[in-house]
Each structure stands twice: as C-alpha cells, then as structure tokens.
2 protein chains.
Amino acid sequence: MVSKTPDHIMSAAIPEEIAGLRMTRQRQEIYRLLIEQRNHPTANEVFMRAKDRLPNISLATVYNCLEALVQHGIIRQVNFERESSRYCPNLREHAHFHDAVSGVIHDIDFKPGGNLADVLELPPGVVIEDVEITLRGKLTVQ
Amino acid sequence: MVSKTPDHIMSAAIPEEIAGLRMTRQRQEIYRLLIEQRNHPTANEVFMRAKDRLPNISLATVYNCLEALVQHGIIRQVNFERESSRYCPNLREHAHFHDAVSGVIHDIDFKPGGNLADVLELPPGVVIEDVEITLRGKLTVQ
DNA sequence: GTGATAATTAGAATAATTCTTGATCTTGAT
DNA sequence: ATCAAGATCAAGAATTATTCTAATTATCAC
C-alpha cells in the first residue's frame with residue numbers, strides 16, 4: 001500500500017488539506033487527537049495532550065489551530081454555560097447531554113425526520129442557521 | 001386598596017420576599033428592571049440601568065443580586081456561545097432565537113404537548129433536569 | 001437598642017481567550 | 001536551489017467577564 005504520508009508521521013492519514021485549510025503538523029495532531037479521544041476536551045486539555053507529540057507547541061497555537069478548524073467547519077466548538085469551550089469533531093447535527101454525575105458529555109443524535117419546528121412555536125419568517133441544544137441531567141440505568 | 005409597600009418605593013409592587021429570598025432594595029430594582037425591559041440584558045447593562053435609581057450600586061452587587069435571583073429560581077441566566085451571560089425573567093420553559101441581523105433575542109415557547117424526546121434519540125435511562133435551546137438565524141419577513 | 005447575620009461596596013484577583021509582535025516555515029516563481 | 005511573499009507559529013502581554021476579599025452598612029430577633 002503506497003502512501004504519501006512522510007515516514008516520520010505514522011498516525012492515521014490526515015490529508016494535507018481539508019476544506020481549503022492547509023493541514024500543518026500542529027493542525028493535524030490536534031485534529032487527530034480530537035478524533036481519537038472524543039470526550040469534548042477544552043483548549044487546555046488539547047494543549048496538554050498535544051504536548052506528547054509536539055513538545056514545543058504553545059497554548060496560543062492550540063487556540064489558533066482550533067479556531068482555524070472551527071472556521072473551516074472541520075470541528076465544532078461547543079459551549080456549556082460559561083465554562084471553557086470544548087471541541088468536538090462530530091459534524092452531524094446533534095445535541096449534547098451533560099451527565100451531572102460523571103461530568104461526561106454525550107452526543108445525542110436527532111431522530112431521523114425529527115424536526116425542531118414540531119416542538120417549538122417558531123414565529124413566521126425565521127430562518128434558522130444554527131441550533132444548539134444542551135441537556136443536563138443524570139444517567140440512571142446502565 | 002391597601003398596600004404594605006413603603007411610601008418611598010413607588011415602583012410596581014414587588015413583594016419583600018420571593019421564593020424565600022429577601023428582596024432588598026437592590027434586588028427589587030434589578031428584578032423590576034428585568035421585568036420592564038425584557039431584552040435579555042447582560043450584567044453590565046443591568047448595572048447601567050440600575051444606576052438610574054440606585055446611583056451607588058456597584059457591579060459586584062449587580063452580580064450578587066442576579067446570582068441570588070437565579071439561585072432562587074426567580075430569573076434565568078442565559079448564555080449564548082461564550083458571550084456575557086444574559087438574564088431573563090421568563091420562567092416558562094422556552095428556547096431562544098438570536099436574530100443575527102438585529103442582535104435581538106426572542107423567547108420561543110414550546111408547542112403545547114411538544115416534547116424533545118420526539119425529536120432526539122435519547123438513550124434509555126437519561127433523566128433530563130434542564131434543557132437549553134438556542135437558535136441562531138435571520139428574521140426574514142416582518 | 002444590641003448583637004448576630006446577611007447584604008452591599010470597592011477594588012483586587014482570576015481565568016479563558018485574544019492580541020501583538022517577531023520568528024519560522026511553505027509555496028511558487030525564477 | 002534560491003528568494004520573496006505570505007501564512008503559520010510561539011511567547012507573552014492585554015483584555016474581559018466574573019469572582020473573591022475585606023470592610024462597611026443594613027436588617028432581624030431579642
């Protein structure tokens with residue numbers, strides 16, 4: 001199997017460009033890290049993990065990279081209350097369930113055919129560009 | 001009509017205690033101000049308005065009062081992205097629509113009988129304690 | 001009124017994020 | 001390969017919303 005990935009990068013193949021964004025080493029590592037551990041880390045958590053592979057990376061660069069990835073629609077920025085922003089590579093439209101006990105954040109998909117307009121009294125003329133749904137509660141069973 | 005409201009307070013009658021919270025002068029003014037102008041102000045906007053009637057009030061007090069009102073379920077704290085928190089006295093369960101053009105935030109009621117579980121793929125065992133829905137978009141007509 | 005408790009105030013402290021500036025890396029033309 | 005232009009990165013300063021601290025003031029129960 002022939003690959004264009006340079007020898008010194010043995011990670012999962014991340015293309016050199018995504019959605020028009022040049023995937024530099026730093027952006028690649030951050031993106032891969034988000035894909036591998038999908039637990040909605042904060043910028044600082046990303047920073048700490050990224051240092052394993054990029055010891056010289058700075059927090060500013062992590063913020064820069066995350067913002068570039070968000071701006072190009074490659075990952076999503078997720079905010080709960082006024083806590084630190086978290087980042088997630090799940091691009092499907094989805095909600096978030098925040099388990100108050102464990103602190104874990106779960107992605108919740110929409111039901112096929114599910115439509116918010118069935119649930120909300122939307123005034124006429126609104127064109128919705130973005131939806132953000134956050135549920136907070138407990139996971140009783142399991 | 002007999003009222004227990006002291007003479008020096010000619011504002012709309014706000015009781016001296018709500019939900020177990022002693023309604024001090026500052027808390028009263030802040031609560032009344034939120035009810036009168038329901039445009040989801042930030043703490044700083046509340047601060048500026050409050051100074052009309054309470055020239056010596058401090059921003060710290062505004063934060064203290066808002067938190068006390070929120071803690072006692074008298075008002076709600078609303079967060080959009082990582083912007084400053086906003087405050088709203090609407091206690092009905094509702095969503096928010098943020099008009100990207102005007103910047104105005106509209107309250108959106110749930111349809112009677114509307115249930116989020118009809119729209120979301122909720123895993124079994126989740127007990128939802130709080131829901132936060134934010135829509136962003138444009139108001140075309142009207 | 002007196003003492004205990006709670007609320008208010010002003011300013012300092014905190015924390016997440018953004019900004020600034022200079023260094024470094026890429027890319028494309030030569 | 002070399003150079004210039006532009007993009008990206010890094011380090012630390014700056015910003016901003018919010019919280020904390022300590023001192024003062026108001027309120028409540030007696």
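Proteins get letters first, then strands, A, B, ... in listed order; numbering begins at 1 in each. Basis for what follows: all heavy atoms, side chains included, without hydrogens, waters or symmetry-related copies.
Contact check of residues 75-86 of chain A against DNA chain D (heavy atom, cut-off under 4.0 Å) returns Arg82(A).
Whole-Å rounding puts the Phe47(A) CZ to dA16(C) C1' distance at 14 Å. Regarding Glu17(A), its CD atom lies at a distance of 15 Å from the C1' atom of dT8(D), rounded to whole Å. With rounding to whole Å, Glu67(B) atom CD is found 18 Å from dA17(D) atom P. Rounded to a whole Å, the CD atom of Gln71(A) is 16 Å from the C1' atom of dT8(D). Taking atom CZ on Arg53(A) and atom P on dC9(D), their separation rounds to 17 Å, with Å as the unit. To the nearest angstrom, C1' of dT27(D) lies 16 Å from CE of Met23(B).
Within the structure, no pair that satisfies the ring pair (Phe, Tyr, Trp, His ring centres under 6.0 Å) test touches residues 119-141 of chain B, not counting sequence neighbours.
A search for side chain to side chain contact (heavy atoms under 4.5 Å, CB included) contacts involving Ser84(A) returns Thr42(A), not counting sequence neighbours. Checked against salt bridge (Lys or Arg N to Asp or Glu O under 4.0 Å), Arg76(B) has no partners two or more places apart in sequence or in another chain. In this structure, Glu93(B) has no side chain to side chain donor-acceptor pair (under 3.5 Å) partners at least two apart in sequence or on a different chain. Contacts of Thr24(A) classified as side chain to side chain contact (heavy atoms under 4.5 Å, CB included), with partners at least two apart in sequence or in another chain: Arg22(A), Gln26(A), Arg27(A). The side chain to side chain contact (heavy atoms under 4.5 Å, CB included) check on Leu33(B) picks up Val46(B), Arg49(B), Ala50(B), with sequence neighbours excluded.
At distances below 3.5 Å, at least one donor-acceptor pair connects side-chain atoms of Gln28(B) with backbone N or O atoms of Met23(B).
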In residues 63-70 of chain A, what donor-acceptor pairs under 3.5 Å come from side-chain atoms, sequence neighbours left out?
| from | atom 1 | to | atom 2 | distance (Å) |
| --- | --- | --- | --- | --- |
| Asn64(A) | ND2 | Ala60(A) | O | 3.4 |

Just distance, no hydrogens or angles: give the donor-acceptor pairs under 3.5 Å from side chains in residues 97-112 of chain A, sequence neighbours left out.
| from | atom 1 | to | atom 2 | distance (Å) |
| --- | --- | --- | --- | --- |
| Asp99(A) | OD1 | Val101(A) | N | 3.0 |
| Asp99(A) | OD2 | Ser102(A) | OG | 3.1 |
| Ser102(A) | OG | Val104(A) | N | 3.1 |
| Asp107(A) | OD1 | His40(A) | NE2 | 2.8 |
| Asp107(A) | OD1 | His96(A) | NE2 | 3.3 |
| Asp107(A) | OD2 | Asn90(A) | ND2 | 2.7 |
| Asp109(A) | OD1 | Arg92(A) | NE | 3.1 |
| Asp109(A) | OD1 | Arg92(A) | NH2 | 3.1 |
| Asp109(A) | OD2 | Arg92(A) | NH2 | 3.1 |
| Lys111(A) | NZ | Ala117(B) | O | 3.0 |

Side-chain atoms of residues 128-137 of chain B: list all donor-acceptor pairs with protein atoms under 3.5 Å, sequence neighbours left out, distances to 0.1 Å.
| from | atom 1 | to | atom 2 | distance (Å) |
| --- | --- | --- | --- | --- |
| Asp130(B) | OD2 | Arg136(A) | NH1 | 2.6 |
| Arg136(B) | NH1 | Asp130(A) | OD2 | 2.6 |
| Arg136(B) | NH2 | Glu81(B) | OE2 | 2.8 |

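Contact annotation: Tyr63(A) does not reach the phosphate of dT18(C) (side-chain N/O to OP1 or OP2, under 4.0 Å).
Overall, the helix from dG1(C)-dC30(D) to dT30(C)-dA1(D) carries an axis bend of 30° between its ends, with five pairs at each end and the value rounded to 10°.
Val62(B) and Ala43(B) get closest at one heavy-atom pair: CG1-O, 3.5 Å.
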ask   = Once each nucleotide of nucleotides 5-12 of chain C is scored for protein heavy atoms under 4.0 Å, what B/S/- sequence comes out, 5' to 3'?
value = -SSSBBB-
